[in-house]
Amino acid sequence: MLIAQITDLHVMLPGELAYGRFDTSSSLARCVSQIMQLDPVPDAVLATGDLVDGGSAEEYRRLRELLAPLNMPVYVIPGNHDRRETMCAEFGDHPYLPRPGQMVRYVIGNDDVRLVALDTVVAGETGGALDAEQLDWLETTLSAEPHHPTLVFMHHPPVRTGTQYMDEIALDETSTARLAQVIGRHPQVERITCGHVHRSVQARWHGTTASICPSTAFQYSLDFRPAAPTAVTGEPPAFQLHYWNGAQLVTHTVLAAR
């Protein structure tokens, strides 16, 4: 099984540029084209939040146009730039999504890797959280198939990367501690994969691997200095491929072709 992950797309309306310099729609189109040129093409695509920049219905319609060449299932979750209700309304033909207004959590079952989606968005906040109801749901969901290799995907990462400006708006400490307890009881979780950081990061975490996918739009700078300012770089758009080889999940980071 081959799973592509795209994240932090920040799709904007035609003519608008992120930071006045990044054409996020063009970058996403390049990544989509490259995904479709893979042989074999992925079995599924995970779009792990910050799908659009401002949360407007018009941006989501533009996003759908850009994702249209993907002929495999695409599974979306919100990030802090998204508006959950608008996203669910504009992707209303995706049967795994809840009715607008509900948290976006779902399970995609298959013979190889089970996909479990979580919603870490807190309305009006940049950082993320998981409430007790979601964590109880996750516990029940993982307990139902304890021997089925599983990939959990969400927007905010549960690991601290060393870049202070992103760590301050990651998954909050309480949610992280409670999630660690759940994940630690379920060794079938092969990967927790996230976005939000706009860089490729991997860490061993409570019996699994936490993986952060770089952005299809732009990357933030790698700066470990305390109180370093948020800055963008000239690094290219990118996405990840999670390959199930029959025994383990292997993650590749792919730079978008020029």
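The analysis underlying the following values was restricted to heavy atoms, covering all of them including side chains, and did not include hydrogens, waters or symmetry mates.
Judged by distance alone, with hydrogens and angles left aside, the side-chain atoms of Gln219 form a donor-acceptor pair with the main-chain N or O of Pro236 at under 3.5 Å. In this structure, Asp82 contributes its side chain and Leu51 its backbone to a donor-acceptor pair below 3.5 Å. In this structure, the side chain of Arg30 engages the main chain of Ala257 through a donor-acceptor pair within 3.5 Å. Between the side chain of Ser215 and the main chain of Asp8, a donor-acceptor pair closer than 3.5 Å is present. In this structure, Gln164 contributes its side chain and Ala227 its backbone to a donor-acceptor pair below 3.5 Å. Using a distance-only test at 3.5 Å, with no hydrogens or angles considered, no donor-acceptor pair links the side chain of Gln202 to the main chain of Thr209. A donor-acceptor pair under 3.5 Å links the side-chain atoms of Asp167 to the main chain of Gly162, judged by distance alone. In this structure a side-chain-to-backbone donor-acceptor pair under 3.5 Å is present from Thr140 to Asp136. A donor-acceptor pair under 3.5 Å links the side-chain atoms of Thr233 to the main chain of Glu235, judged by distance alone. Gln34 places a side-chain N or O within donor-acceptor distance of the main-chain N or O of Leu255, the cut-off being under 3.5 Å.
Under the 4.5 Å side-chain heavy-atom criterion for ILVMFWY residues, a single connected hydrophobic cluster contains both Ile6 and Met36.
Heavy atoms only, all atoms of each residue included: Ala217 and Phe22 are closest at O-CD2, 4.1 Å. When all heavy atoms are compared, the tightest approach of Met12 to Ala18 is SD-N, 3.4 Å.
Around the OH atom of Tyr243, the shell of radius 6.0 Å holds no more than 12 heavy atoms that belong to other residues, nucleotides or ligands. No more than 12 heavy-atom neighbours from other residues, nucleotides or ligands sit within 6.0 angstrom of CD on Glu173. Within a 6.0 Å radius of CZ in Arg21, more than 12 heavy atoms belonging to other residues, nucleotides or ligands are found. The local environment of CZ in Arg83 is sparse, with at most 12 non-hydrogen atoms from other residues, nucleotides or ligands closer than 6.0 Å. Heavy-atom neighbours of Asp93 CG from other residues, nucleotides or ligands within 6.0 Å: above the threshold of 12.
For the pair Arg199 and Tyr220, the NZ or CZ position fails the cation-pi test of under 6.0 Å to the six-membered ring centre and within 45 degrees of the ring normal.
A donor atom on one side chain and an acceptor atom on the other are found under 3.5 Å apart for Thr161 and Thr163. Counted by atom type alone, Gln5 and Thr48 present one or more donor-acceptor pairs between their side chains at under 3.5 Å. Counting only N and O atoms by type, the side chains of Thr251 and Arg191 include a donor and acceptor under 3.5 Å apart.
The side-chain heavy atoms of Arg160 and Thr176, taken from C-beta on, include a pair separated by under 4.5 Å. The side-chain heavy atoms of Leu97 and Met87, taken from C-beta on, include a pair separated by under 4.5 Å. Using a 4.5 Å heavy-atom threshold, the side chains of Val104 and Arg84 count as touching.
For the atom pair NE2 (His156) and CG (Asp119), the distance works out to 10.0 Å, reported to the nearest 0.5 Å.
Within the structure, ring pair (Phe, Tyr, Trp, His ring centres under 6.0 Å) pairs that include any residue of residues 63-87 comprise His10-His81, Tyr75-Tyr96 (at least two apart or interchain).
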Go through it in stages, so that I can follow the logic: the residues are His242 and Leu151, the test is side chain to side chain contact (heavy atoms under 4.5 Å, CB included), and I'd like the CA-CA distance, side-chain angles, deciding distance and then a yes or no.
CA-CA 9 Å; His242 306 289; Leu151 183 153; 4.2 Å; yes

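Under the 4.0 Å criterion applied to side-chain N and carboxylate O atoms, Glu59 and Arg62 are not assigned as salt-bridge partners.
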